[in-house]
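Below is one structure, written out as structure tokens; comments come after it.
Chain letters run A, B, ... following the sequence lines, proteins first and then strands; every chain starts at 1. Computed from a predicted structure; not experimentally measured.
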Amino acid sequence: MQFALFFVPLHPNSRKQLICMELTYIKDLPKHEGGKVTLHGWIANKRSSGKVAFLVLRDGSGFVQCVVEVTTAGEENLERAKRLTLESAISITGTVRKDDNQEGGYELQATDVHIYSIADENYPIGKKEHGVDFLMNNRHLWLRSKRQWAIMKIRNCALYAIHRFFQERDFVQMDSPILTGNACEGTTTLFDTQFYKEDQVAYLSQSGQLYAEATAMAMGKVYTFGPTFRAEKSLTPRHLSEFWMIEPEMAFYDLEMDMNLIEDFVRYVVSEVYEKCRTELETLERNLTLFEAIKQPFPRITYDDAVLIIKGKKEVNGKNAIVQLEADLAAVHATIAEKNAALAEYEEKLQAKGLKKGEINHFQNKVDTLKNELKKLEDDARNIPQWIASASNFVPGDDFGASDEKAITRLFDVPVFVYKWPSPIKAFYMKRYEDDDNYVKGVDLLAPEGFGEIVGGSQREDDIEKLLERIKEHDLPLEAFEWYLDLRRFGSVPHAGFGLGFERLVMWMTGVSHIRETIPFPRYYGRLFP
RNA sequence: GCCUUCUUAGCUCAGACGGUUAGAGCGACGGACUGUUAAUCCGCAGGUCCUAGGUUCGAUUCCUAGAGAGGGCGCCA
């Protein structure tokens with residue numbers, strides 16, 4: 001590989017200005033084994049002894065340890081290496097060496113160290129644990145850390161897979177507007193903003209679906225992938241005020257074809273991430289059961305059957321939802337007892353006299369970790385009984401709550417379809433069953449491990465008379481829907497689609513406990529900066 | 001919007017039935033060390049105990065209100 005570097009003196013703090021034709025990245029080090037390369041990046045961690053410094057370098061493509069020894073790099077380079085603070089920017093030249101003890105399997109034996117800039121020593125993010133709020137205040141820097149890097153790489157991989165999936169199947173990406181003139185489904189609270197004239201309000205889109213229906217009638221199969229805004233003060237681990245949604249819409253599709261597509265789609269994206277992001281999943285210590293099970297067919301159950309399962313009146317593969325939750329609760333209590341015993345043991349060890357400092361740290365770390373784990377377990381112990389009560393008291397006809405979804409998904413390793421929902425709890429545009437007006441052709445896909453709903457879809461009402469009835473029933477402003485009704489006046493056909501919350505998908509695949517970590521700069525109630 | 005737990009050093013946390021100078025670890029800073037993986041070892045510095053009001057001889061600790069954060073529910077993707 002040919003590349004040329006020219007260094008031009010610029011400023012005492014940024015020693016060199018780089019004009020560069022091609023860079024070598026950490027992820028490509030295996031191709032350069034034994035060869036000499038120059039890497040450019042930031043100091044993620046540093047350890048140094050008298051005559052040797054270990055620099056962990058990150059360049060966005062990966063992490064690698066660089067060794068600066070006095071014998072190979074000389075006094076001057078070692079001196080420079082020792083001056084580096086966390087997050088200082090450097091370029092470093094050296095020989096690529098295989099070392100199975102290293103993460104990634106390679107390290108760089110340095111011969112030259114060049115400094116772009118020395119970072120202020122007060123880099124706020126340390127090596128020890130931090131609270132979530134502190135990290136969110138430093139989100140612009142937090143993104144540099146390894147865990148966040150892994151999450152963002154997976155997000156990107158999923159993003160690309162989604163486009164590939166649809167493009168390979170001849171779907172056309174047709175973006176829906178972000179500024180809209182009316183609140184389309186009427187239920188959720190929307191953000192609003194002034195639109196030129198003082199008395200005219202524009203709302204930020206909460207769904208692109210109605211527009212996708214229009215473009216599907218023009219292009220056959222379409223998908224939208226854009227930002228979505230909900231002004232609900234939903235401060236939960238599963239909600240954002242601003243998130244990205246994928247909404248495909250297909251002409252001449254019925255509910256079953258819709259479900260087939262959803263299944264193929266979710267399986268495709270999950271498989272791509274499994275195949276291409278092993279390192280990242282390892283960094284996140286993700287349990288891989290989900291990825292191995294994804295080849296199995298997704299169960300499809302009706303709402304009525306789901307209700308019986310939630311209430312513990314119907315078993316799945318010999319498993320009862322309520323019994324399962326009770327077993328989970330018992331397991332939590334057992335774990336709490338175990339951890340408490342371990343905690344007492346370590347605290348006793350800490351009392352012993354003549355401990356070395358290293359031993360004290362070790363025991364203290366164990367105690368801190370155990371206390372944190374116990375806090376979470378005690379939350380579970382408080383919450384699971386509520387879920388059990390709420391699931392067993394479920395009233396047929398109601399929409400599922402978070403606990404009901406947990407009761408169902410707990411029984412499966414793969415996502416589960418729930419379809420044929422009661423008409424009153426679903427949106428006006430969903431098509432009713434021809435033989436039973438009480439149910440609509442809607443479907444939700446619930447992700448396992450308690451994550452809950454990631455997809456909501458339906459076959460749409462294509463009969464203008466019935467649609468008019470629904471609009472009246474839901475008390476929606478008819479004028480605003482005239483253009484939507486035109487889609488039924490001029491060449492109405494059966495059609496279906498679905499919506500998938502992108503961050504929820506990423507959250508589920510990465511296994512992170514909070515959706516706020518799945519988007520670079522999350523927006524939610526109380527969070528507009530950075 | 002409702003329920004619940006919390007707010008002490010730059011960070012993560014301990015603590016006092018209300019009483020002299022409020023503690024630890026990490027980080028930062030100074031030093032030692034040629035193979036470290038949250039390196040280790042020695043030294044040093046660092047505080048409006050969230051804010052306001054109340055009770056009291058005395059409040060960081062008790063009470064009330066407010067602000068902010070975590071967890072659960074609702075709303076949803």
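In this structure, E107(A) and H130(A) both approach RNA chain B, and ranking their closest nucleotides by distance from the 5' end singles out H130(A).
Which of C11(B), U36(B), C75(B) sits closest to the side chain of F134(A) comes down to C11(B). The nucleotide whose nearest atom lies closest to any side-chain atom of D99(A) is, among C76(B), G35(B), A39(B), G35(B). Comparing A39(B), C76(B), U12(B) by their nearest atom to the side chain of R238(A) picks out C76(B). Side-chain proximity of N45(A) to U36(B), G35(B), A38(B): nearest is A38(B).
Residues of residues 386-396 of chain A that place a heavy atom closer than 4.0 Å to RNA chain B, in numerical order, are Q386(A), W387(A).
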Contact list (N/O, under 3.5 angstrom) for nucleotides 44-46 of chain B vs protein:
none

Distances for protein N or O near nucleotides 69-71 of chain B N or O, under 3.5 Å:
from   : atom 1 : to      : atom 2 : distance (Å)
G70(B) : OP1    : R516(A) : NH1    : 2.8

Polar-atom pairs under 3.5 Å, protein N or O versus N or O of nucleotides 28-34 of chain B: list them with distances, or write none.
from   : atom 1 : to     : atom 2 : distance (Å)
U34(B) : O2     : E69(A) : OE2    : 3.1

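With ring centers used as reference points, Y303(A) lies under 6.0 Å from F400(A).
In this structure, A402(A) reaches the sugar-phosphate backbone alone: every heavy-atom distance under 4.0 Å involves primed, P, OP1 or OP2 atoms, never a base.
Applying the side chain to side chain contact (heavy atoms under 4.5 Å, CB included) test between L445(A) and each of L500(A), V418(A), I262(A) identifies I262(A) as the sole match.
Paired runs in RNA chain B that reach 3 or more consecutive Watson-Crick or G-U pairs, where each pair keeps both distances under 3.5 Å, cover B:1-7 with B:67-73, B:10-13 with B:23-26, B:29-32 with B:40-43, B:50-54 with B:62-66.
Look at the P atom in both G15(B) and C62(B): the space between them is 13 Å, to the nearest Å. As rounded to the nearest Å, A59(B) and U64(B) have C1' atoms that lie 15 Å from one another. If you take atom C1' in U20(B) and the same atom in C63(B), they sit 26 Å apart, rounded to whole Å. For U5(B) and G58(B), the C1' atoms lie 30 Å apart once the distance is rounded to whole Å. When the P atom is compared between U60(B) and C50(B), the two are found 10 Å apart, to the nearest whole Å. A distance of about 29 Å separates the P atoms of G1(B) and C11(B), rounded to the whole Å.
Between I115(A) atom CD1 and N77(A) atom CG the span is 9.5 Å, to the nearest 0.5 Å. Expressed to the nearest 0.5 Å, how far CZ of F165(A) lies from CZ of R267(A) amounts to 10.5 Å. Taking CG of L179(A) as the start and OH of Y203(A) as the end, the distance is 12.5 Å to the nearest 0.5 Å.
For K441(A), the salt bridge (charged side-chain N to carboxylate O under 4.0 Å, His left out) test picks out E434(A), with sequence neighbours left out. For R286(A), the salt bridge (charged side-chain N to carboxylate O under 4.0 Å, His left out) partners at least two apart in sequence or on another chain are E449(A). With sequence neighbours excluded, no residue forms a salt bridge (charged side-chain N to carboxylate O under 4.0 Å, His left out) with E405(A). By the side-chain hydrogen bond (donor to acceptor under 3.5 Å, both in side chains) test, N260(A) pairs with R300(A), sequence neighbours left out. Listed by chain and number, the residues in a salt bridge (charged side-chain N to carboxylate O under 4.0 Å, His left out) with E453(A) amount to none (sequence neighbours excluded).
For the pair R516(A) and Y524(A), the cation sits on the ring face: its NZ or CZ lies under 6.0 Å from the ring centre, inside 45° of the axis.
Between U36(B) and R47(A), no contact under 4.0 Å exists linking OP1 or OP2 to a side-chain N or O.
The pair K311(A)-D404(A) fails the salt-bridge criterion, with no side-chain N (NZ, NE, NH1 or NH2) lying under 4.0 Å from an Asp/Glu carboxylate O. Residues R278(A) and E282(A) are not paired through a salt bridge, judged by the lack of any N-O separation under 4.0 Å between the basic side chain and the carboxylate.
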Give every donor-acceptor pair under 3.5 Å between a side-chain atom in residues 61-69 of chain A and any protein atom, sequence neighbours left out.
from   : atom 1 : to      : atom 2 : distance (Å)
S61(A) : OG     : I26(A)  : N      : 3.2
S61(A) : OG     : K27(A)  : N      : 3.0
S61(A) : OG     : D59(A)  : OD1    : 2.9
S61(A) : OG     : D59(A)  : OD2    : 3.4
Q65(A) : OE1    : R47(A)  : NH2    : 2.9
Q65(A) : NE2    : E107(A) : OE1    : 3.4
E69(A) : OE1    : Q109(A) : NE2    : 2.8

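Using the six-membered ring where Trp is involved, F417(A) and F298(A) have ring planes that are tilted, between 30° and 60° apart.
Residue pairs satisfying the salt bridge (charged side-chain N to carboxylate O under 4.0 Å, His left out) criterion with at least one member in residues 520-530 of chain A, sequence neighbours excluded, are listed as follows: D133(A)-R527(A).
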